[in-house]
Amino acid sequence: MNSGLYILIAGALLLASVLGSKASGRLGVPGLLLFLGVGMLAGSDGPGGIAFSNYLFAQWAGTVALCFILFQGGLSTEWSLVRPVLKKSLSLATLGVLISTGVMGAFAHFVFHLPWLNALLLGAVVSSTDASAVFTVLKERRLGLRGEITPLLELESGGNDPMAVFLTLGLITLIQDPSQSVLGLAPQFFREMLLGVLLGYGLGRASLWAINKLNLQFEGLYSVMLIALALMTYGAAASLHGSGFLAVYIAGLVLGNADFIHKRSVLDFLDGLAWLMQIGMFLMLGLLVNPLELLPTAGLALACALVLVFVARPVSVYISLAASKMPKRDKSMVAWVGLRGAVPIVLATFPLLAGVPNANLLFNAVFFIVLTSVLLQGTTLTLVARWLRVREEVPERPLYPIAYRPTGTGRNDMAEVDVGPGSEADGRRIMDLKLPPDALVILVHRGGEFLVPKGATTLQAGDSVLVLALGDDLKAVQTKLGHQGTVRAALGLPGH
């Protein structure tokens with residue numbers, strides 16, 4: 001087969017996945033399942049007949065893909081929204097992962113008589129929720145969740161992968177070297193997490209400085225630069241035996257909550273890159289599995305999947321959030337949105353490459369568990385949210401027909417403010433509001449149309465107002481216009 005045909009097949013598989021994602025919303029099936037399905041159909045047991053069994057390449061490519069997915073997840077996370085749920089998220093990402101591993105391990109040991117370490121390894125591999133799986137399904141369903149649920153899920157799913165990776169590698173070490181002790185792994189855990197946090201924050205700040213100070217000739221080079229910085233952040237942390245995934249997520253969080261040159265175009269590019277990584281990863285994992293080999297493990301995998309969804313995940317959530325005053329309905333929704341995705345499948349390649357006994361059985365079981373999780377939980381999120389009465393409508397945000405490019409110096413800020421009913425601005429002219437002199441109302445969105453504001457323009461409840469201001473001036477505008485509304489950074493503007 002010549003190289004041109006390989007490229008043609010790769011393009012056809014990507015196109016089939018993209019078209020499948022468009023159809024997934026109408027069919028009520030998560031797009032992730034369709035990506036996996038396309039890969040399986042193209043694989044050795046499907047009509048495509050493509051033989052692919054390179055687990056080393058799959059692990060490397062999966063690691064790179066997860067690096068970019070977590071980096072983009074950090075970039076799109078608003079710190080002001082997730083900061084109030086930081087303690088809850090850390091509890092879920094650490095204690096929750098441990099509890100889920102223990103429950104799954106105990107079930108696999110006592111019911112299927114797997115050795116303790118192998119059973120716990122299975123539990124560790126499937127212990128973390130998948131950020132890309134969770135938010136892909138939420139976006140597909142246009143599902144808004146009330147209160148702290150969404151930011152909690154966002155921070156947890158971005159932060160629990162390092163814990164799952166550590167447990168997986170630690171258990172593989174214990175299986176290969178029985179002389180090692182569990183307590184001996186504790187210092188290694190704290191070192192990895194501490195280095196991940198410090199390097200992620202430090203390199204994130206350094207990246208912010210570099211991208212604002214280097215005057216590159218072409219705008220497209222800023223996206224390339226950020227890709228290089230993300231890879232260097234992961235590589236530096238991993239080389240120093242820190243958590244590379246945690247470092248790259250925190251670096252993205254630092255950059256995403258600061259202004260830098262060409263931010264909008266860079267974020268748009270990286271969003272597309274994250275989608276490419278996600279589709280490519282699921283396609284590759286679909287090629288990697290042989291559907292006929294799943295049948296012997298179907299009983300074990302289905303039982304483990306049901307225990308994971310209905311026992312391990314809820315128990316880990318309720319215990320981790322026991323000290324929280326979060327309503328039970330909200331906790332139950334957090335428990336149900338515990339989708340597993342590509343991360344467990346990538347982690348399942350580690351035992352294969354390490355030569356762990358029955359690693360092939362574990363890989364097939366994990367694949368089956370992921371399929372069950374996405375199919376069962378992913379297709380019922382809207383139904384469960386409605387049943388628990390935690391669903392909120394996701395409003396359509398206007399795409400403003402103007403461009404805004406911050407300089408990175410922090411001297412201005414553009415934000416979108418909703419005029420709330422009963423606010424000081426409701427029914428009053430802009431000139432009568434006595435806004436700060438350095439605050440500029442640029443555009444008003446009302447009923448699907450854009451109005452160029454004048455001093456005599458009367459604002460109404462439900463208007464979305466685009467404002468250019470800074471710091472305290474912006475807060476003053478928010479108080480007058482959005483007393484009962486909301487304020488968002490205007491990152492949806494072309495050219496930002």
Practice item. Taking all non-hydrogen atoms of both residues into account, name the closest pair between Ala58 and Leu288 and its distance. Key: CB-CD2, 3.8 Å

Review point. Listed by chain and number, what are the side-chain contact (heavy atoms from CB on, under 4.5 Å) partners of Leu253, not counting sequence neighbours?
Key: Thr77, Trp79, Asn257

Review point. Rounded to the nearest 0.5 Å, how far does CG of Leu152 lie from CD1 of Ile149?
Key: 8.5 Å

Check your understanding: Between Val289, Val126, Val370, which is the residue that forms a side-chain contact (heavy atoms from CB on, under 4.5 Å) with Ile345?
Key -> Val370

Review point. Rounded to the nearest 0.5 Å, how far does CG of Leu114 lie from CZ of Phe107?
Key: 10.0 Å

Review point. Can you find a heavy atom in the side chain of Val82 that is under 4.5 Å from one in the side chain of Ser89?
Key: no

Review point. Looking at CG of Asn212 and NZ of Lys263, how far apart are the two atoms once the value is rounded to the nearest 0.5 Å?
Key: 10.0 Å

Point to revise | side-chain contact (heavy atoms from CB on, under 4.5 Å) between Leu92 and Val334, intermediate numbers included | key: CA-CA 10 Å; Leu92 284 173; Val334 171; 4.1 Å; yes

Point to revise | Atom CE of Met193: over 12 foreign heavy atoms under 6.0 Å | key: yes

Check your understanding: Which value, rounded to the nearest 0.5 Å, describes the distance between Arg386 atom CZ and Arg391 atom CZ?
Key -> 5.5 Å

Check your understanding: Side chain of Ser320, backbone of Gly96: donor and acceptor closer than 3.5 Å?
Key -> yes

**Study point:** Residue list, side-chain contact (heavy atoms from CB on, under 4.5 Å) with Ile211, at least two apart or on another chain
**Key:** Tyr222, Met225, Leu226, Phe260

**Study point:** Residues, nucleotides or ligands: over 12 heavy atoms within 6.0 Å of Arg191 CZ
**Key:** yes

Practice item. Begin with the C-alpha distance, continue with both residues' side-chain angles, and end with the deciding distance and a verdict on side-chain contact (heavy atoms from CB on, under 4.5 Å) for Val224 and Leu216. Key: CA-CA 11 Å; Val224 178; Leu216 301 179; over 6 Å; no

**Study point:** Partners meeting side-chain contact (heavy atoms from CB on, under 4.5 Å) with Ile172 (sequence neighbours left out)
**Key:** Leu121, Thr168, Gln176, Phe350, Pro351, Ala354, Val356

**Study point:** By side chain to side chain donor-acceptor pair (under 3.5 Å) - contacts of Ser128 (at least two apart)
**Key:** Asp161

Revision key, fill the gap. Taken in chain and number order and not counting sequence neighbours, the residues that satisfy side-chain contact (heavy atoms from CB on, under 4.5 Å) with Leu185 are Phe166, Leu174, Gln188

Revision key, fill the gap. Residues at least two apart in sequence or cross-chain that pass side chain to side chain donor-acceptor pair (under 3.5 Å) with Arg146, listed by chain then number, are Asp330

**Study point:** Ionic contact status for Glu156 with Arg313, cut-off 4.0 Å
**Key:** yes

Review point. How close do Gly204 and Val254 get, heavy atom to heavy atom, and via which atoms?
Key: C-CG1, 3.8 Å

Check your understanding: If you draw a 6.0 Å radius around OH in Tyr55, do more than 12 non-hydrogen atoms from other residues or ligands fall strictly inside?
Key -> yes

Revision key, fill the gap. In short, Met104 meets Ala312 closest at the heavy-atom pair CG-CB, 4.0 Å

**Study point:** Straight-line distance of Leu283 CG to Leu14 CG, nearest 0.5 Å
**Key:** 6.0 Å

Review point. Would the Phe71 and Tyr249 ring centres measure less than 6.0 Å apart?
Key: no

Practice item. Heavy atoms only: give me the nearest Leu122-Cys304 pair and the separation to one decimal. Key: CD2-SG, 4.0 Å

Review point. Would you call the rings of Trp336 and Phe310 parallel, tilted or perpendicular, where under 30° means parallel and over 60° means perpendicular?
Key: tilted

